[in-house]
Protein chains: 4
Amino acid sequence: MTATTGRRVHADTRREQFLDAALELFSERGFDATSMKDLAEATGSAPGLAYHYFGSKSELLAAVLAERSFFPKLRAMLTDLPDRPAALVLGELAERFDAMLSEREPMVRLVAHEAQTDGQIRAELQRRIDDGAGFVARYLESRVALGELRPHDSMTAARAIFFTLVTFHLTGTPAGDAPQSLVKLVLEGIAVRADQE
Amino acid sequence: MTATTGRRVHADTRREQFLDAALELFSERGFDATSMKDLAEATGSAPGLAYHYFGSKSELLAAVLAERSFFPKLRAMLTDLPDRPAALVLGELAERFDAMLSEREPMVRLVAHEAQTDGQIRAELQRRIDDGAGFVARYLESRVALGELRPHDSMTAARAIFFTLVTFHLTGTPAGDAPQSLVKLVLEGIAVRADQE
Amino acid sequence: MTATTGRRVHADTRREQFLDAALELFSERGFDATSMKDLAEATGSAPGLAYHYFGSKSELLAAVLAERSFFPKLRAMLTDLPDRPAALVLGELAERFDAMLSEREPMVRLVAHEAQTDGQIRAELQRRIDDGAGFVARYLESRVALGELRPHDSMTAARAIFFTLVTFHLTGTPAGDAPQSLVKLVLEGIAVRADQE
Amino acid sequence: MTATTGRRVHADTRREQFLDAALELFSERGFDATSMKDLAEATGSAPGLAYHYFGSKSELLAAVLAERSFFPKLRAMLTDLPDRPAALVLGELAERFDAMLSEREPMVRLVAHEAQTDGQIRAELQRRIDDGAGFVARYLESRVALGELRPHDSMTAARAIFFTLVTFHLTGTPAGDAPQSLVKLVLEGIAVRADQE
DNA sequence: TATGAATGAGCATTCATTCAT
DNA sequence: TATGAATGAATGCTCATTCAT
């Protein structure tokens, strides 16, 4: 017998329902344009119930942001990047990041939306992105040390991959093989090489 | 100059005041979080006056988006890219685009914000971006034809530059020499070249 | 042509209507038990209009307390008490105070009600009462100096008159000739006098 | 002592806890401004429990008024006033009444508060006060019969003592030696006596 | 006896919008 | 052109109360 049985399970379920409904509605319409009544209807509950679980609408947003965040997943994706060729590692990373953006589109859109008007959210977003880009940058530098890559501005390279893919999604630009194409671009560049002339 | 012209000038001034105030407040707080009363206060006018110039709050937003858009400027920036080396042209382009993002930050932020919840705005944004990227892509292809650049996915290359710079601004990431660093990345890539091995 | 014509008169009238309706309803039902909707109905206006004139429900209460106060009238009643016999002066004062309590019953009741749960209102009430009692006490002392009254605790005497009459009203005890009876009590006492024994 | 008794005791304790908490909170904030949730927190119980003991919030107020009333104590204080000099009896009575007002301040304040907006409570309050004043008046008349006091309006004399002391407490006016001073005032009056002239 | 999830009506307040002046 | 009083619907939130457990 676990700690969560009977009522408790139901209560937890309710809470999750609110988080799910809030993520969906907030991302579709925006936080301000979503009313608590909308959320009540989406969860099939009475107008006041959300306040049983969340202190206010803002706290509900904070809970959604905290408990439905994709940053933990992103971080897991970036920890211990394998000790293998950049073409392979970056290619796979770009694909997986792109897949995550598709899968978590509502949250991506919600964060992008709120970050424009909420300085605090924007600051935290930037911090987490830098954190993520840092992992990739360190990986790139390890490949430079091995002589596989040339010395370069690794943070800008890492950001270029992430930022470009995110913007594909936020603008709704069809991605096609963007991840692979982008990685190829970053690795090889577009200029004619000295040895080719 | 007649009295009518005088009034007309005044009227135009008022209208511009509303557009300016709306751009500022909408971008800072978001469209929903800005009240018509806020706009009246910001322009030093009575609550009802905005309705003499704009049919509704939504129409005011549409007018701001149309009349304060940076797309004409962007387009001008991209038309007739000079017939000169890519390193030079792309470098200057990246710098100027970056400068425009700084200068027009409120509008950039407003568009980024509204595009998340308004499919129509998002669609138009995407269309205009593609339009702009198309110019750059055609330029790049002209340099491929000249043998200066290798054949490559030119739309992805163009987007990578724009998307990365935009995201620097939207997230508030300090840009530093990002434009130049980015252009260098795109031109040369990061992989060790065959001739260097 | 005065400063207040047309709309302005109407606006001022509205404000007075709200003050009057608020005084009536707040005193009958209590502040908390009166809804803004009640006030809208009582003034024949829409639910939001009160906020055009008062920042909040609390500010409306404050405005009622300030602008419908009976303290100015009380103070006027007590300033320059005539230089005449105490029996006459106190008698007339008690009658007039009693009449004012009847006439301003709603405000008296409102203040008595709110003072029980609002320390700030209570403190101000006490201050104003002391102020009023002070006038009477000084008058009484002037009569002591003339040899008309015996030395006594003049603040307690003053308060006894005011407090007793107020409580008659607040409890709804039929007053009858309470004012005169009270003044007689205070002047002569009830004990058998030395000269009567 | 059986388990049932044990439970019963517990139940009584709970009930008393609610009465105590309600008296405290109702008198501090007012009935309307106190929520059942406040009461649940103050008693360390769940929101629904109060309804096992009291049918509604109003019934809880009624129970507090009935079961924490100071009127029985007042009545006991007034029954069989001793057959001794008025100076002594009234002095002690005023002191004891004043002490009771201090000790039972929350209830005094609660009754004063609710009486302003509840005609029924006000009527009962008035009835009980008259009842109490009647005892004192009868005592005073007995002293008149003995020739200790002069014939006078004994109800007004009785009320003057009670009403004045109550108002000292409700307004928060520092009492000092008000009870004794007041009794002296009532007995002797303030006018110069014939025999002193 | 006791819990706390759930309800649904109601509250203070805001707001886009209208319109007489 | 400009004002600002007025509207009425909607919003976030609270609360007394109920009831399955």
Side-chain angles (χ1 to χ4, degrees), chain A residues 5-8 10-15 32-40 43-58 60, chain B residues 4 6-8 10-11 13-15 32-40 44-58 60, chain C residues 5-8 10-15 32-40 43-58 60, chain D residues 4 6-8 10-11 13-15 32-40 44-58 60:
Chain A
T5 50
R7 301 286 293 285
R8 194 72 205 150
H10 198 191
D12 284 354
T13 299
R14 271 287 195 212
R15 198 170 182 284
D32 286 326
T34 302
S35 73
M36 294 304 280
K37 205 182 152 218
D38 292 339
L39 286 165
T43 56
S45 64
L49 188 56
Y51 292 89
H52 209 73
Y53 298 95
F54 308 95
S56 67
K57 198 186 171 190
S58 288
L60 172 54
Chain B
T4 304
R7 255 191 240 122
R8 190 83 208 145
H10 190 201
T13 301
R14 273 289 198 206
R15 199 172 182 284
D32 287 323
T34 304
S35 72
M36 295 303 280
K37 208 183 151 212
D38 291 338
L39 286 165
S45 65
L49 188 56
Y51 290 87
H52 279 283
Y53 299 97
F54 309 94
S56 68
K57 197 185 171 191
S58 289
L60 171 54
Chain C
T5 51
R7 301 285 294 284
R8 193 74 205 147
H10 198 190
D12 284 354
T13 300
R14 272 287 195 211
R15 197 170 182 284
D32 286 324
T34 304
S35 73
M36 294 304 280
K37 207 183 152 218
D38 291 339
L39 285 165
T43 57
S45 64
L49 187 57
Y51 292 88
H52 209 72
Y53 297 96
F54 307 95
S56 66
K57 197 185 172 190
S58 287
L60 172 54
Chain D
T4 303
R7 258 192 237 123
R8 191 80 207 149
H10 190 202
T13 301
R14 273 290 196 206
R15 199 170 182 285
D32 286 324
T34 303
S35 71
M36 293 303 279
K37 207 182 150 213
D38 291 338
L39 286 166
S45 64
L49 187 57
Y51 290 87
H52 280 282
Y53 299 98
F54 309 95
S56 68
K57 197 185 171 191
S58 289
L60 171 54

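Every chain is numbered from 1 and lettered A, B, ... according to where its sequence line falls, protein lines coming before strand lines.
Stretches of at least 3 consecutive Watson-Crick or G-U wobble pairs, with each checked distance under 3.5 Å, appear in DNA chain F as E:2-21 with F:2-21.
For residues 43-54 of chain A, the set of pairs meeting the side-chain hydrogen bond (donor to acceptor under 3.5 Å, both in side chains) definition, not counting sequence neighbours, comprises A:T43-A:S45.
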Please produce a list of atom pairs where a protein N or O lies less than 3.5 Å from an N or O of nucleotides 7-11 of chain F.
residue: F:dT7; atom: OP2; partner: C:A46; partner atom: N; Å: 2.9

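Remark: D:S56 pairs with no residue by the side-chain hydrogen bond (donor to acceptor under 3.5 Å, both in side chains) rule, at least two apart or across chains. B:A33 pairs by the side chain to side chain contact (heavy atoms under 4.5 Å, CB included) definition with A:D32, B:R29, not counting sequence neighbours.
As rounded to whole Å, 19 Å separates atom C1' of E:dA12 from atom OH of C:Y53. Between C:L60 atom CG and E:dC11 atom P there is a gap of 16 Å when expressed in whole angstrom units. As a whole-Å value, the separation of C:Y51 OH from F:dA6 P is 16 Å.
D:K57 places no side-chain N or O within 3.5 Å of a backbone atom of D:S35 that could act as its donor or acceptor partner.
With C:F54 as the partner, the side chain to side chain contact (heavy atoms under 4.5 Å, CB included) test is satisfied by one option alone out of C:L49, C:L60, C:L39: C:L60.
As judged by a 4.0 angstrom heavy-atom cut-off over every strand, B:F54 is placed among residues making no nucleic acid contact.
Between A:R14 and A:G44, the shortest heavy-atom distance links the atoms NH2-O, 4.0 Å.
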